[in-house]
Amino acid sequence: MTVTATHPLLFSGTDWDFNTIRRIYDAVEKVSGAVLGLDTYPNQIEVITAEQMLDAYASTGMPLLYKHWSFGKQFAHHEMIYRKGMGGLAYELVINSNPCINYIMEENTATMQTLVIAHAAFGHNHFFKNNYLFRQWTDAEGILDYLAFAKGYIAACEERHGLAAVERILDIAHSLMNQAVHRYPRRSRLDLKAEKKREAERHAHQEQVYNDLWRTVPGTPKTFRTEAAAGRRRALLKLPEENILYFLEKTAPLLQPWQREVLRIVRQIAQYFYPQSQTKVMNEGCATYSHYRIMTRLHEQGSISDGAFLEFLQSHANVVMQPTFDSPRYSGLNPYAIGFAMMQDIARICETPDDEDREWFPDIAGQGDVSGVLKHVWANYRDESFLAQFLSPRLIREWRLFHIEDDAGQPALTVGAIHDERGYRRIRQALARQYDIAWQQADIQVVDVDLDGDRQLTLQHDTVNHTLLHDKDAELVLQNLAELWGYRVVLREVDPATGKLLKEHVAKAPQKPGLL
């Protein structure tokens, strides 16, 4: 293909300055609109050093966050790997906020700065702004103010109550973060600015709900032990409750107001990250497809040189490389690779479908509007539904995917699906299931509280395929929960289909109730 230059080069060589970054950003913004029609938050570009990138790694990528020893441990771990040359650093880091914050490494070449701006400032940014999970569960407008509030609040608690006390409750809250999210929509949308403003008001009536509940305990014991009364008690407490930190924040009898607020901070941050765990393939696929299309167009119009484009292609190839199952580097499917391949495949189906595509994807085959279809997909799916809906037979063949059934009750592995019509559907269903949040995280809910007796807290784990929790991990986390609750805690693992009890874990009440 012959390329005719219609634009001046954005840069020459590898060096760059801030004026170069401005030219690059303006050019990428123009192309992203013309080629893909991306809809993004305003961008804020921050140039950082390798050490600052390591620091961002340690604090889960957030620009503002409270201090905790685990962040220092992560910093030391990543720094050791980086300094010894055992691993590199990300070229960029992007924050789901409004404005969208993009960290770019000062060590990057001019070509890499172009790539990461296209990838993060436009690809990821568009996905954050438009995907329904992020719109439903995150507050891009308020997250930065809330993080600043959280950092200041934790620091004030450390001064007032001591480092050890604050560190202990953070340790416990962090161990429960996977069980600190609402998985289904609630009545009101998350509003972090309002949460920050209401913090002072909450202290005035922090114990009110709890006092009203526990004031009934000295009543008539036999009445409270009836099933009808137990049902009313569970209804009053709005049980079952999937968000364990939310339940403890509202109901734990011995926590002080500042401890409840710390739990609230941790669960709000956990909720912020909740959509990211369900959209890894789609998010990276969107960003990788976007940067590929943008960089290709920049080269076609002469904005970047052949040498710069070759540098980009080498980097892009590394990002979407998929090691084979027998490679020492294999660790499952590369989300960049499968995401990019599926976006490319959807574009092919829209533009040049074959008979098989028309049969499997009648709604989009031959439609022609690649950008419109992809933006619809990016807005309305998560990884599980995306794979279940758009993984094509052609891609299954190209990737040589097949389904292996590993049944613990059988003496050998069996091949459950091959490359035929029935097999394609089974492979697609099996792969999509691997990205189902119900298969990734245990479904544990608070189901009852013994108000009439020893205030035992009862939780239930609905198992998937009879898969039980790891004994040691369950024991440690359950003891943490008991320390927050202040009394005995029981976790029952059951088969949800039959209600059969498979295993029971018990954490005794702490010897000295209440956190120090």
Side-chain angles (χ1 to χ4, degrees), residues 277-286 288-289 317 319-367 370 373-374 376-378 380-441 443 462-467 495-497:
S277 63
Q278 299 181 72
T279 56
K280 184 68 172 177
V281 170
M282 288 194 67
N283 202 341
E284 297 300 351
C286 170
T288 304
Y289 179 82
V319 166
V320 299
M321 182 185 65
Q322 175 60 59
T324 55
F325 75 93
D326 55 349
S327 168
R329 293 176 292 176
Y330 180 78
S331 59
L333 289 180
N334 175 0
Y336 294 84
I338 187 67
F340 177 68
M342 288 186 67
M343 302 309 170
Q344 291 277 72
D345 198 46
I346 290 171
R348 178 193 62 79
I349 293 169
C350 289
E351 293 179 324
T352 57
D354 56 25
D355 292 340
E356 182 182 56
D357 297 323
R358 292 187 179 93
E359 179 184 351
W360 282 72
F361 307 101
D363 294 338
I364 66 172
Q367 188 186 100
V370 174
V373 170
L374 285 175
H376 170 77
V377 170
W378 295 336
N380 294 289
Y381 292 85
R382 59 182 180 179
D383 287 347
E384 176 200 3
S385 56
F386 173 62
L387 287 159
Q389 185 74 21
F390 293 102
L391 183 62
S392 70
R394 175 182 287 201
L395 203 56
I396 291 173
R397 292 191 297 268
E398 288 180 358
W399 279 58
R400 300 180 181 180
L401 299 176
F402 57 95
H403 183 211
I404 295 291
E405 293 182 354
D406 184 4
D407 188 340
Q410 299 298 323
L413 299 174
T414 59
V415 178
I418 58 173
H419 293 169
D420 55 24
E421 183 172 354
R422 180 181 298 178
Y424 293 137
R425 298 188 187 279
R426 292 192 64 182
I427 291 168
R428 188 163 73 171
Q429 181 183 24
L431 182 59
R433 187 177 297 155
Q434 299 300 313
Y435 293 88
D436 184 353
I437 194 69
W439 284 63
Q440 296 175 6
Q441 297 181 6
D443 179 11
D462 289 338
T463 62
V464 176
N465 291 339
H466 294 179
T467 303
D495 177 4

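For the single chain, residues carry numbers from 1 onward in sequence order. From a predicted model like this one, the values you see are computed outputs, not experimental measurements.
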Q) Trp439 and Asn465: which non-hydrogen atoms are nearest, and at how many Å? A) CH2-ND2, 3.2 Å
Q) Between Phe340 and Tyr289, how do the two ring planes meet: parallel, tilted or perpendicular, split at 30° and 60°? A) tilted
Q.
If I take atom CZ from residue Arg358 and atom CD1 from residue Ile349, how far apart are they, to the nearest 0.5 angstrom?
A. 11.0 Å
Q: Specify the closest pair of heavy atoms between Tyr330 and Pro323, including all atoms of both residues, with the distance to one decimal.
A: CD1-O, 3.3 Å
**Q.** Reported CG-to-CH2 distance for the pair Asp355 and Trp360, which is rounded to 0.5 angstrom
**A.** 14.5 Å
(Q) Using every non-hydrogen atom in the two residues, find where Gln367 and Asp363 come nearest and quote the distance to one decimal. (A) NE2-O, 3.4 Å
Q | Nearest-0.5 Å distance that lies between atom OH in Tyr336 and atom NZ in Lys280 | A | 5.0 Å
Q: Classify the angle between the aromatic ring planes of Tyr381 and Phe390 as parallel (below 30°), tilted (30 to 60°) or perpendicular (above 60°).
A: perpendicular
Q) Do any N or O atoms from the side chain of Thr279 and from the backbone of Met282 form a donor-acceptor pair under 3.5 angstrom? A) no
Q. Can you name the closest pair of heavy atoms from Ile338 and Leu387 and give their distance?
A. CG1-CD2, 4.5 Å
Q. Do you know the tightest heavy-atom contact between Asn334 and Gln322?
A. N-OE1, 2.7 Å
Q.
Quick check: closest heavy atoms across Gln441 and Ser277, and the distance to 0.1 Å?
A. NE2-OG, 4.4 Å
**Q.** Residue pairs passing the side-chain hydrogen bond (donor to acceptor under 3.5 Å, both in side chains) test where at least one lies in residues 426-438, sequence neighbours excluded
**A.** Glu405-Arg426
**Q.** Inter-residue atom distance Ile396.CD1 - Leu431.CG, 0.5 Å rounding
**A.** 8.0 Å
Q) Taking side chain as C-beta onward, heavy atoms only, is Phe361 less than 4.5 Å from Gln389? A) no
**Q.** Donor-acceptor contact present, side-chain Ser327 to main-chain Thr324, <3.5 Å
**A.** no
Q: Just grab all the salt bridge (charged side-chain N to carboxylate O under 4.0 Å, His left out) pairs involving residues 323-347, residues at least two apart or on different chains.
A: Asp345-Arg348
Q) What's the spacing between Cys350 SG and Asp357 CG if we round to 0.5 Å? A) 10.0 Å
Q | Interatomic spacing from CD1 in Ile437 to CG in Asp383 - rounded to 0.5 Å | A | 10.0 Å
